[in-house]
Amino acid sequence: MTQVAVSPGASAPHEAGDPPVPAGHVRLTIDGVTVIAPKGELVIRTAERIGIAIPRFCDHPLLEPVGACRQCLVEVEMGGRPMPKPQAACTQTVADGMVVHSQLSSPVAEKAQRSNLEFLLLNHPLDCPICDKGGECPLQNQVLANGSATSRMRDPKRVFTKPIAVSSEILLDRERCVLCQRCTRFSDQIAGDKFIDLLERGSAQQIGINSAEPFQSYYSGNTIQICPVGALTSTAYRFRARPFDLVSTETVCEHCASGCAMRTDHRAGEVTRRLARIDPEVNEEWNCDKGRFAFPYVREGDRITRPMVRDADGALVPTSWTDAMSVAAGGLLAARDSGGVGVLTGGRLTVTDAYAYAKFARLALRTNDIDFRARQLSAEEAAFLAARVAGGTPESTGVSYAALEKASAVLLVALEPEEESPILFLRLRKASRRGVPVYSLGALATRSLAKMSGTLIGAVPGGEPFVLTALASDALAGAGVPDAESRNKLGALLRTQGAIVLVGERAAEVPGLLTAVDRLAERTGAALAWVPRRAGERGALDAGALGVVLPGGRPVSDPAARAEVERAWGASLPETPGRDTAGILAAVGIAEPDDVASPDRGPAGFADDHADEPARGLAGLLIGGVEISDLPDPAVALAAVASAGFVVSLEIRASAFTELADVVFPVAAAVEKSGAYVNWEGRIRPFAAALPQAGTLDEARILDTLGVEMDVDLYTQTPAAAAADMARLGVWTGARADTAVDHDEQPATHRRHAETIGLSPVINTERAAAGDGSAAGFVLASWRMNLDGGRGLDGEPHLAGTARPDVARLSAADAAVLGVRNGDLVAVRGPASSITLPVAITEMLDGVVWIPARIDGIGTPGRLGANVADRVQVVAAGDTGAAAGKGR
Amino acid sequence: MSFLDPVKGFGVTFATMFKPVVTEDYPKHPDQPAPRYHGRHQLNRHPDGLEKCVGCELCAWACPADAIFVEGADNTDEARFSPGERYGKNYQINYLRCIGCGLCIEACPTRSLTMTNEYELADDDRQRLIYTKDMLLAPLLPGMEQPPHPMRLGDEHDYYARGPELLRQARQAGPLAAEPVATKDTPSPTGAPS
């Protein structure tokens, strides 16, 4: 409402003194208050803006209006004539000259609302004492404020069996439901998982699911949060606490790089639940079930609680912090001087913890051998990250959640957003519903792509760089090229203002892909963003926990950049760019080459790429939060760590490395410390400690103390101190290194790769379609699922129950060649072993087989001995009875 | 001042010997407090022994001294402690904090929590003054069965609407599963009269 001076005769029908109505706005009166509102605004929102609260249950600002609960009835006059019946303020749009009387000024509206409340309570059980919503229930609040103290209802209430499990995590109590349809509308409009809907009619009307399809959505937890009564509750929080028991802390989710704002509620030193916090810039009001429910892992029995050192007999024994610190410092100093120490940080650190690691490596260990990547990686990726990603913010890159909604087109490369960054998917779906075209480069038209009304640009795994190179060139694709029409359209759209390319961390699995993405962005002018899976990767990159980059995106190879950091830190820095995770593990393993870099491990491990490293064995390792099964070849990594002379491990829970470590420090879990993550946008997401009294220390504090033992000051005692130290450095403004550092080597890799996958993706596709694809083997496509039995999901079996079933995806043509139908078992055979899964026939390229990248907690590439884009064999695996119904 | 002053006091003493005694012979003969005295709490049972407490925490909510701690849990078919979905798994009253105001028993929606006349709530140990559920639960009367056990008196609604009546009917039809014969081999719970 802008109050401006009135120009004479501006608004004739209104009394003098009224401000003029801006274009696209209307003037109306609510409860005697004249207000100017944009056309199309709902009366309930306009009233809200001027401080008039109209009660509501079904209305939600992010869902389309439905007018289901009838609680917001108001009296409306149009042109001096009252409408015959009270109107629902949540569906009534404003109009010029409208006069609205809410319950505050109209006895009719007041009576309508009171009567409706009584109506909603007819069948609502008065079981508030045992209802999880009791104490924070909109219906309860409304009745206490405005309802009648006694009930006129004398007849028995409608009863349903309560509660029924619509999924293993979500319980539905139909008696309590007021049929507002927030849950069904959310599932339909926001998540796109319409597994839950209204059934029956009249008084038997109820929410329900198709008995063959449980409510298997990654976003089902949001329906609990928006339910205005206790009809939807979670198995995890069932009867755990009351609102007044809970202490709430504003936190940020630690499970992926989306950076959702969360509210963590705890009681008596234990987290009882987590909710999505409202942040319009990032997650709006939603989060995914993993973020909501996967928090009990910190209470698991394998939590490390005391520092441990290896005693004379080789057993790990608990000891004091002081003792552990001096043993660790002594060992690391010795290792540093006899070959050096490598640092592996894992991708789950807060930005300040990652900064402490980065600083510790450079100052205390005097090396650049540090890497945050515990997954498939490449040198090309490190160069790409250093050149294009490090230090970027939504402002500097032009890519943010909000920008996606206004993009002219979004191209996803090596990214399956629903599985790898669920809230990014929700925003992309919102954008697509507003008309933003979404394209995905890959071999499969996934369900999430369908939900985004997206277009698949087909590319056989390994062939993506060729497609991107073609897109980057100004020449149009000819008629013979698959998806020619879509490609040309995308090519044109990418050249328009506001086009966005999102590239996932899986791009590192395909040589040349990141270079091709970078070239594409350069040639077309599209904005580019990198979307990692883990919450800490982006922050670790900005903090310099990578061999080729210092904090703020400063290239290690640039003397000016080094000098800047040296001035700030007051110490000299090592000049040689550091090795990556693969290189560090390989360098450790050099001591015993027979055990580690044996050639038969070739395709599975990354050791082969680095077998020709200079023979300078690392003598020690500092490992923090690396999960062994995340590494491409766990066996190689274990052997490497076992062969290292001195290993210091910083862990929340005992891991495979704990048994191999010489010193083990317990560290604080995300809920026990404050800090910040950097999400994929580059946005800093600070959070407070939910359980600060847990008595645990974060990594930055431990490393700071360890640094003091080693005669180095890190100034990272507290997250605030570390953040200030890091902020003093700022972001590098000088020249960045070129993306493709390995100019000489890259084409060779390319060539080698082109041979393995066939001549080119196009020809490859045609060959597969011609039927000989199965004979030559299938190209493996694979990625991690959102819920796939990672250790972060431990302790929450109900959540694990909503995971999607593991399937092998094949095209219809390939399935026909193999003679398998949906649900039949097929064996996917790699050099190392085979995996048997039920088939799900999917719209995808022929000659490609997709399987999850992690099955039963074991990484698929390591198990098969084949990486993405490698050839595997697929054969029908006999009896189908066991698998019937498993695939969808 | 009078010359009788030194012996006046003896007069008072002498006269008092013929008046009723106001002191109590505690602890040899403790007096019974008023029927509605706010003494130690008790968690009552349904006639078949199931607990009335549903773990709703309304008592804890009402408590002005934050003396009550309750944790609810889910009744399952295998282990049922109260009629309905929910029971109080953990129940503690801290008598160092309790001010005996009785707001908790007013808040209780199932009449589970009431106050007894027991007032001997003193100790020299803080820990012992935090009363746990087993100390607060009413003793098992004849005919009651130690939970967990299934609902013997009908469905959940019957318990609240017609509990005592149903018990009488059940008794007339024959001995309940929990009549003394059945409880002989199970040890008597804490606080229950043996």
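We name chains A, B, ... by the order of the sequence lines, and we start the count at 1 in each one. If you're wondering where the values come from, they're calculated on a predicted model, not measured in any experiment.
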TODO: Report, as yes or no, whether the 6.0 Å neighbourhood of atom CZ on A/Phe244 holds more than 12 heavy atoms from other residues, nucleotides or ligands.
DONE: yes
- [ ] Using the salt bridge (Lys or Arg N to Asp or Glu O under 4.0 Å) rule, collect all pairs that involve residues 143-152 of chain A, keeping only residues at least two apart or in two chains.
- [x] A/Glu118-A/Arg152
Check chain A and chain B for donor-acceptor pairs under 3.5 Å and report each one on its own line.
| residue | atom | partner | partner atom | Å |
| --- | --- | --- | --- | --- |
| A/Arg238 | NE | B/Asp74 | OD1 | 3.3 |
| A/Arg238 | NE | B/Asp74 | OD2 | 2.6 |
| A/Arg238 | NH1 | B/Glu85 | OE1 | 3.2 |
| A/Arg238 | NH2 | B/Asp74 | OD1 | 3.2 |
| A/Arg238 | NH2 | B/Glu85 | OE1 | 2.8 |
| A/Arg242 | NE | B/Cys56 | O | 2.8 |
| A/Arg267 | NH1 | B/Glu57 | OE2 | 3.3 |
| A/Arg267 | NH1 | B/Val70 | O | 3.3 |
| A/Arg267 | NH2 | B/Val70 | O | 2.5 |

